[in-house]
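Everything on this sheet refers to the single structure shown next.
Numbers restart at 1 for each chain; the letters A, B, ... are given by sequence-line order, proteins then strands. Keep in mind that this is a model prediction, so the values were computed, not measured.
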There are 2 protein chains.
Amino acid sequence: MLHEEVVGRVRAMLLDGEIPPGARIPERDLCEKLQISRTPLREALKVLAAEGLVQLLPNRGSRAARLTDKDMRDLFEVCQGLEALAGELACERITDAEIAGVADAHAAMVRHYGDRDLLQYYRCNRFIHEAIITAAGNPVLSSLYESVTARIRRARYVTPMTPRRWALAVQEHEAILNALQRRDGVGLSHILRAHLRHKREEVLQAGFAETAPLEQARAS
Amino acid sequence: MLHEEVVGRVRAMLLDGEIPPGARIPERDLCEKLQISRTPLREALKVLAAEGLVQLLPNRGSRAARLTDKDMRDLFEVCQGLEALAGELACERITDAEIAGVADAHAAMVRHYGDRDLLQYYRCNRFIHEAIITAAGNPVLSSLYESVTARIRRARYVTPMTPRRWALAVQEHEAILNALQRRDGVGLSHILRAHLRHKREEVLQAGFAETAPLEQARAS
DNA sequence: TGGATCCAATTTGAATTCAAAAATGGCTAT
DNA sequence: ATAGCCATTTTTGAATTCAAATTGGATCCA
């Protein structure tokens, strides 16, 4: 197994909650689960620690990082900045074909909204946001966005919405698509920021932070 | 030597150019220079690779990453976004004492401009930009900013300026301080973006990218 | 009975060792 | 003489080994 693959596998276990936030990560267990020795696993853990997904306790091993309300707020705040930037750049650089792709995803999303299919709705939703990032044509931005959003993904794309809020979100997405089609970068960036601010308030209100009291959580 | 210390030492060697861009990094040499074994060094290299400072070539070791014009452009672009965001947040959260600190640094910077002391000028300049980031009160933002700016630091704070450009930069900094004192977040973010855009154009024009032809560069 | 201390066992951190891949140098053949 | 090929050497990647730190528990004393 390649180094990047080890990192990816463990990252996925953390993001999926297979290793729950706050859980100790016993190296030996994870080693035999992945069928590798401790050396490559430890390399992966250090990388993930640098990403903020793992917390290293000197001489006392590592544990899955846990997000406080403040962390969540900070991550959303940065995410707003990155999406706003991406929105402006995307309007300058996006191709007509890419716009058409976003329009299709948007239409599909609206249909899923009609069906009240939250899972499929979120899938399209995420595709749209990521398409805007991609259209910005800036790999550095894409990479930072990827690492920031990964950490709030579950909160962002799992939290159930009130009917009121969901309807508003769809309206906002209408505006997003519209601004993109008009290539109105400034407008798009404003809408994206408001959109994410609303989502953040919703997530925080739902108390989605990972400051769970359970201390003994362990990777099964 | 602690893990973070190893990472820091090697990172510094890369950023200082002690290991020049594009240079192969022979593990054994670095090991004996740092007086550690290969295991912790390799862990550090993987972390630095994730940061984008080191390029890993499977089965062929690692080399110091090299910035192309495109990389430089992308990094500056993201930096603009991050500083713009920080500027807005800073205006909401900065304390009067912090503003006074920035004002002092600004005054000192203007004096150094009067003396045409580029080194001291850049030192104050950098302090101001970093103070704005800190004042935003968002550790996630600070951390991303740190990693992005580290990679363009030499280009940003070493490039000599034309008298014309230098005067303009000082003017821009007057506007930055002014917006901060008025706590005009939107205004500050616009100025910061323009300021960085100008710096970027200057750096790119000077051909500061690290696409040097020398292939044989080695860490001494 | 409560608390502190010491010892054993587990777990982490890092050096060493071993195997596999790539680079180097020399050799041969044309 | 040069191009291509094979053996040797070097370097990387990963498992193992060894040492140090921490944890848990048992014992001893107040």
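Scanning all heavy atoms of the two residues, the minimum distance from B/Ala105 to B/Cys124 falls at O-CB, 3.7 Å. Residue B/Lys70 comes nearest to A/Gly137 through the heavy atom pair NZ-O, 3.1 Å, listed as atom of the first residue, atom of the second, then distance. Heavy atoms only, all atoms of each residue included: A/Tyr122 and A/Thr159 are closest at OH-O, 2.6 Å. Here the shortest heavy-atom pairing between A/Ala86 and A/Ile133 reads CB-CD1, 3.5 Å.
In this structure, CG on B/Asp74 lies 10.5 Å from CG on B/Leu67, to the nearest 0.5 angstrom.
The C1' atoms of five pairs define one axis at each end of the helix from C/dT1-D/dA30 to C/dT30-D/dA1, and these two axes lie 10° apart (to 10°).
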Notebook entry, point to check: What is the per-nucleotide protein-contact pattern of nucleotides 10-15 of chain D, from the 5' end, where B denotes a base atom under 4.0 Å from a protein heavy atom, S denotes such proximity for sugar-phosphate atoms only, and - denotes neither?
Noted result: --BBBB
Can you tabulate the close N/O pairs, meaning under 3.5 Å, that link protein atoms to atoms of nucleotides 5-8 of chain D?
none

N/O to N/O distances under 3.5 Å, protein versus nucleotides 5-9 of chain C:
none

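Residues A/Tyr145 and A/Glu83 are in side-chain contact: their nearest non-hydrogen atoms beyond the backbone lie under 4.5 Å apart.
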What pairs of donor and acceptor atoms, side-chain ones from residues 4-17 of chain B against any protein atom, are under 3.5 angstrom apart with sequence neighbours left out?
residue : atom : partner : partner atom : Å
B/Arg11 : NE   : B/Glu51 : OE1          : 3.1
B/Arg11 : NH2  : B/Glu51 : OE2          : 2.7

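Between A/Glu202 and the options A/Arg197, A/Arg165, A/Arg156, a side-chain hydrogen bond (donor to acceptor under 3.5 Å, both in side chains) holds for only A/Arg165.
Legend: residues meeting ring pair (Phe, Tyr, Trp, His ring centres under 6.0 Å) with B/His173, ordered by chain and number and at least two apart, are B/His129, B/His195.
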